[in-house]
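This report refers to the structure that appears directly beneath it.
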Amino acid sequence: MLIDILTLFPGMFEGPFNESIIKRAIERGLVTIRIHNIRDWATDRHRTVDDYPYGGGAGMVLKPDVLVAAIEAVRGDDGYVILLTPQGRVFTQQIARELAQKPHLVLVCGHYEGVDERVCQLAVDDEISIGDYVLTGGELAAMVVVDATVRLIPGVLGDQASLQEESHSSGLLEYPHYTRPAEFRGLRVPEVLLSGHHAEIARWRRRESLRRTLERRPDLLEKAPLTAEDRKLLEEIRAEKAQAAKQERQAAAQVDAGTQDTAQPQDA
Ligand code: 4G0
């Protein structure tokens with residue numbers, strides 16, 4: 001895969017792609033990442049890249065002539081051009097999988113108040129946001145998209161990690177993980193994980209995945225492919241939680257009754 005990145009701050013990319021897994025993918029020729037300075041396509045003697053917004057208002061807008069020239073110079077005939085912007089579709093693992101299939105990505109990092117709308121109309125195929133917050137520029141968003149996408153290219157992850165990647169795409173949150181020691185600061189690793197009973201361990205992990213997803217991200221349960229066994233486990237978890245809530249209420253009522261009994265006349 002070829003990835004071209006257009007930015008006003010090429011120095012920002014020196015760290016992330018020269019470390020760890022992405023670096024190894026580059027060294028092994030699985031991906032080529034080229035960083036370009038948008039300013040190289042400015043034509044005036046001040047190398048101007050931005051200008052005041054028509055209609056007035058705060059901030060600056062990236063000039064369409066400079067940005068379109070930069071995009072056209074790198075996209076070739078197969079570049080899929082993505083603008084990183086808070087106005088884009090929200091990036092997900094599904095979108096990362098989609099991008100990992102493409103031979104050539106061109107990531108455009110905007111700045112200031114944004115880019116001239118005509119750039120999107122003329123030269124951008126897709127607009128992506130990494131989440132509902134504003135950054136000072138699209139660079140960090142581009143790094144996130146590159147990292148999530150490159151690790152899905154065949155051969156980038158080792159066999160172990162690749163297998164794990166597949167099991168993570170269950171649409172549920174991960175079960176809790178533990179390593180040695182078996183007891184740490186009074187907290188024990190769940191006994192079943194020490195038992196060596198593979199089927200029981202698998203069942204425990206599935207249950208804990210479902211429990212976490214129900215507690216933290218119930219929205220994910222609607223889309224996750226659940227088996228009949230999963231639905232049974234979920235009902236058990238819901239029943240457990242209802243029981244725990246009931247005990248909680250009873251304990252609170254006890255405390256309440258206790259304070260009533262011992263109330264002194266001057267408290268009234
Ligand atoms: C274009 C992406 C680029 C337009 C970029 C800002 C957050 C994200 C930028 C704007 C970014 C994200 C209209 C503020 C640069 N911030 N969530 N900042 N506007 O992916």
Side-chain angles (χ1 to χ4, degrees), residues 1-17 19-22 31 33-42 47-75 79-102 104-153 216-217 219-220 223:
M1 177 185 288
L2 173 60
I3 302 179
D4 283 295
I5 299 177
L6 295 171
T7 173
L8 288 167
F9 299 94
M12 281 185 73
F13 294 88
E14 275 163 28
F17 301 151
E19 300 292 336
S20 78
I21 298 204
I22 304 294
V31 61
I33 301 180
R34 304 192 297 202
I35 312 292
H36 311 272
N37 191 337
I38 293 167
R39 204 172 289 280
D40 293 347
W41 281 274
R47 302 223 290 161
T48 308
V49 294
D50 57 347
D51 204 344
Y52 299 97
Y54 272 119
M60 302 294 274
V61 177
L62 277 175
K63 286 166 58 60
D65 52 342
V66 176
L67 200 47
V68 168
I71 293 169
E72 287 179 345
V74 303
R75 81 185 309 177
Y80 183 74
V81 182
I82 300 167
L83 176 69
L84 287 311
T85 163
Q87 269 98 54
R89 57 180 180 141
V90 179
F91 191 58
T92 59
Q93 192 66 21
Q94 182 50 46
I95 296 175
R97 283 188 212 112
E98 189 184 311
L99 299 183
Q101 305 295 316
K102 306 221 179 267
H104 183 189
L105 301 178
V106 178
L107 301 181
V108 181
C109 306
H111 257 264
Y112 315 110
E113 300 316 298
V115 309
D116 187 292
E117 185 62 22
R118 292 163 295 184
V119 175
C120 305
Q121 292 175 279
L122 293 169
V124 169
D125 299 311
D126 200 354
E127 296 179 46
I128 290 178
S129 163
I130 61 162
D132 290 336
Y133 38 81
V134 178
L135 303 167
T136 56
E139 284 77 11
L140 290 168
M143 292 175 208
V144 167
V145 168
V146 168
D147 191 274
T149 301
V150 167
R151 64 187 289 286
L152 299 180
I153 297 171
R216 301 182 187 186
R217 293 294 306 279
D219 57 303
L220 296 181
K223 285 188 194 163

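The structure presented is a predicted model; accordingly, all values stated were derived computationally and were not measured. First listed ligand is number 1; within each ligand, the first listed atom is number 1.
The two residues V81 and R75 make their nearest non-hydrogen contact at CG2-NH2, 3.5 Å. In this structure, P16 and M12 approach most closely via the heavy-atom pair CD-O, 3.8 Å. Residue L8 comes nearest to R39 through the heavy atom pair CD2-N, 4.1 Å, listed as atom of the first residue, atom of the second, then distance.
Heavy atoms of other residues, nucleotides or ligands lying less than 6.0 angstrom from CZ of R97 number more than 12.
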Ligand-protein N/O pairs under 3.5 Å (ligand 1):
from	atom 1	to	atom 2	distance (Å)
ligand 1	16 (N)	L135	N	2.9
ligand 1	17 (N)	S129	OG	3.2
ligand 1	17 (N)	G131	O	2.9
ligand 1	17 (N)	Y133	O	3.1
ligand 1	18 (N)	L135	O	3.1
ligand 1	19 (N)	E113	O	3.4
ligand 1	20 (O)	I130	N	2.8

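For the side-chain contact (heavy atoms from CB on, under 4.5 Å) test with V66, the passing option among D40, D116, T48, I38 is I38; the others fail.
In this structure, the side chains of L107 and L84 come closer than 4.5 Å at one or more pairs of heavy atoms.
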